[in-house]
There are 2 protein chains.
Amino acid sequence: MDIRSLRYFIAVYEERSLSAAAKRCFVAQPSISTSIAQLEDDLDAKLFVRHSKGVSPTDNGTQLYPHACKMVGDLSAMRNLFVDSPTPLSLSISLTPFLSGSLISQVIKTMLNKIPGLTLNLVDESESADLRFTCGRYTTEEDIFYPLWEDDYVVAMPLDHWLTDFASISIKQIDKQPFISRTPCDILESWNYLMQKQGLTTDIRAQVKTEEYALDLVAAGLGISLIPEHSSRGRNDLCLRPLNDVKLKRVVGLAHRKEQSFPAHLINTILTAKQQLKINKSVIEPKLA
Amino acid sequence: MDIRSLRYFIAVYEERSLSAAAKRCFVAQPSISTSIAQLEDDLDAKLFVRHSKGVSPTDNGTQLYPHACKMVGDLSAMRNLFVDSPTPLSLSISLTPFLSGSLISQVIKTMLNKIPGLTLNLVDESESADLRFTCGRYTTEEDIFYPLWEDDYVVAMPLDHWLTDFASISIKQIDKQPFISRTPCDILESWNYLMQKQGLTTDIRAQVKTEEYALDLVAAGLGISLIPEHSSRGRNDLCLRPLNDVKLKRVVGLAHRKEQSFPAHLINTILTAKQQLKINKSVIEPKLA
DNA sequence: CTAGTGGTCTAGTTTTTACCTATAGCTTGT
DNA sequence: ACAAGCTATAGGTAAAAACTAGACCACTAG
């Protein structure tokens, strides 16, 4: 019976779903599941009935909800007992769907942990926001950019492709291969230049707009493609291999306009979040010759 | 900033001492120390000033105290939201000072954890109480006794004693040794009988009333003595050795009068507490021949 | 002045808890 | 029947909290 359980409870109650609550709390779904089960055990009362499309609160759950809200509210009020200016810092951050959700979660989680009273509003990249997750290449002189991690471009191919026999792949092996091209792509020009320089060509079978669609086509066997590594996580229907003679990458981070200023501890938090990031590489990098 | 920290804070505030709070919360003192430090860090405010005879609350600490109490109170109120009969179970338990504090702590801790809303009143053995920690030998037909652990009698001797060379000791080696006798002692008769049977004697140098005093005399080099193992924990100024040809022990547990009845889950909790006990033997038991 | 005592803090280790991934089982909609 | 979406469980890993041992300080008594 701790505060964390109550926070999760509130999220579940409001979302009417464990999975949605998990997303909102930036944790995995089983954490919510066990935490709610434990709370039900402590209180000796079922709080939700589970069904196929989520959960609905029982009478007990409905009764508990306002108490839980008050509790959590009181606790965060206590935080601010000794701060002179309450400064209820509120930020909007825009996300692009093709960036690694796992890494972005980690960053947002440390921000929420380290900055008491921070409320975040996550919006789509189309909307304007105080901060945005983006690639270094998409920032201008008007921006300040805090790099967070690097995303290597790797070759994505169907599971049964003959190139899977190689632990890493040379750009020459891609010559004349069926290829899924993707625009916009921030390394398209570099890629084309590299191919031309070596007199190589690809057999472009499809031209798509999003990484996810490109991955679907690769999995379907239409060809191979070049995709940032972290975008293709969690798919076991295709195979990734690093390039061994060229290294293409993008730098992902947080950017904001130069004019905009933020409290120093926010910036510090971004930097420490970078330190603490746990990056699970799914492919083993070859040593560049 | 969780509830546990606030509980510790309340204990420290009321006791004006970290060590006293630790005793009250049944944890070791460094746990309180780090927890308070962490709370001060979270709130960004010193809560206590430390000095040589404990701590005193700062203005911030005094200000926080009522909030903390309310918080903890509200939370335990929430526990009882869905229980029909509030049953604020309140028990008194009497302790005898010579039983192992560490093991008793463990039992009490699991009782407080498993039985929500339980309040315990620990009193001295001279006072009457609902339950008492005692040895099986001291219970009568009028009692119900729940055994919790066994306490082996071991030989206590000064660190430089020649018997320390033996990993375990035979009763015959004790013949004619300087000995500290202790009364009352629940195995005194068995001991005397065993010695007589083998025609052995001891050279009784002192006759004392408490185990602690006996241990002090042993440490001072006046002689050796026979002491329940768990009573001599945490003393590094003497040396313990098990007996290898006779096994003397006492059974420690909780007793209450037959007339008195308790809710079933209390009894269950006592039994699970017994299961979960972690008994660190300080001497290695020999296999009895 | 020195040794002993009582109290807090630090370091290193172990235990416990929380979390994640993977996967199973269930229900619903196609 | 199958795929999709949701929750529950199992097993392993990482973080948090606990304990032990010992350092350090201030006070007290001899």
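This one's a predicted model, so the numbers in the text were calculated from it and none came from an experiment. Proteins get letters first, then strands, A, B, ... in listed order; numbering begins at 1 in each. Worth knowing before you read on, the calculation uses all heavy atoms, side chains too, and leaves out hydrogens, waters and symmetry mates.
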Which atom pair, heavy atoms only, marks the closest approach of A:A68 to A:L6?
-> CB-CD2, 4.2 Å
State, to 0.1 Å, how close A:E40 and A:F48 come at their nearest heavy-atom pair, and which atoms those are.
-> OE2-N, 3.3 Å
Over how many whole Å does the gap from B:Q29 atom CD to D:dC25 atom P extend?
-> 16 Å
Nearest-angstrom distance from the residue atom CG of B:D42 to P of D:dA17 | 10 Å
With sugar-phosphate meaning primed atoms plus P, OP1 and OP2, does B:Y8 contact a base, only sugar-phosphate, or nothing at under 4.0 Å between heavy atoms?
-> sugar-phosphate
Under 4.0 Å from any heavy atom of chain A: name the first and the last nucleotide of DNA chain C that qualifies, 5' to 3'.
-> C:dA18 to C:dG29
So A:R24 and A:E14, salt bridge (charged side-chain N to carboxylate O under 4.0 Å, His left out) or not? Walk me through it.
-> CA-CA 10 Å; A:R24 182 160 127 185; A:E14 293 178 351; 2.6 Å; yes
Of the nucleotides D:dA8, D:dA21, D:dA18, which one has an atom closest to the side chain of B:K109?
-> D:dA18
To the nearest Å, how far apart are A:L39 CG and D:dA8 P?
-> 13 Å
Of the listed nucleotides D:dT20, D:dA17, D:dT28, the one nearest the side chain of B:K53 | D:dT28
D:dA16 phosphate, OP1 or OP2, under 4.0 Å from B:R4 side-chain N/O | no
Report yes or no: does A:R79 contribute a side-chain atom to a donor-acceptor pair with the main-chain N or O of B:D42 at less than 3.5 Å?
-> no
Whole-Å distance between D:dA15 C1' and B:Q38 CD?
-> 12 Å
Give A:S17 one of three labels, base, sugar-phosphate or nothing, depending on what nucleic acid heavy atoms sit under 4.0 Å from its own.
-> sugar-phosphate
Gap between atoms CD and C1', on A:E15 and D:dC6 respectively (whole Å) | 14 Å
Between D:dA18 (C1') and B:Q106 (CD): distance, integer Å = 12 Å
Could you walk me through whether A:Y65 and A:L47 pass the side-chain contact (heavy atoms from CB on, under 4.5 Å) check?
-> CA-CA 10 Å; A:Y65 177 68; A:L47 298 172; over 6 Å; no
Establish, with yes or no, whether the OP1 or OP2 oxygen of D:dA8 is under 4.0 angstrom from a side-chain nitrogen or oxygen of A:S33.
-> yes
Of the non-hydrogen atoms in A:R7 and A:V72, which two are nearest, and what is the gap between them?
-> NH1-CG1, 3.6 Å
Could you state the atom-to-atom distance from NZ of B:K278 to P of D:dA18 in whole Å?
-> 12 Å
On DNA chain D, nearest-nucleotide positions of A:S52 versus A:T34: which is more 5'?
-> A:S52
Side-chain N or O of A:R50 closer than 4.0 Å to phosphate OP1/OP2 of D:dC6 | no
Please report, rounded to the nearest Å, how far the C1' atom of D:dT9 is from the CG atom of A:L18.
-> 14 Å
Going by distance alone, is a donor N or O of one side chain under 3.5 Å from an acceptor N or O of the other, for B:S5 and B:D2?
-> yes
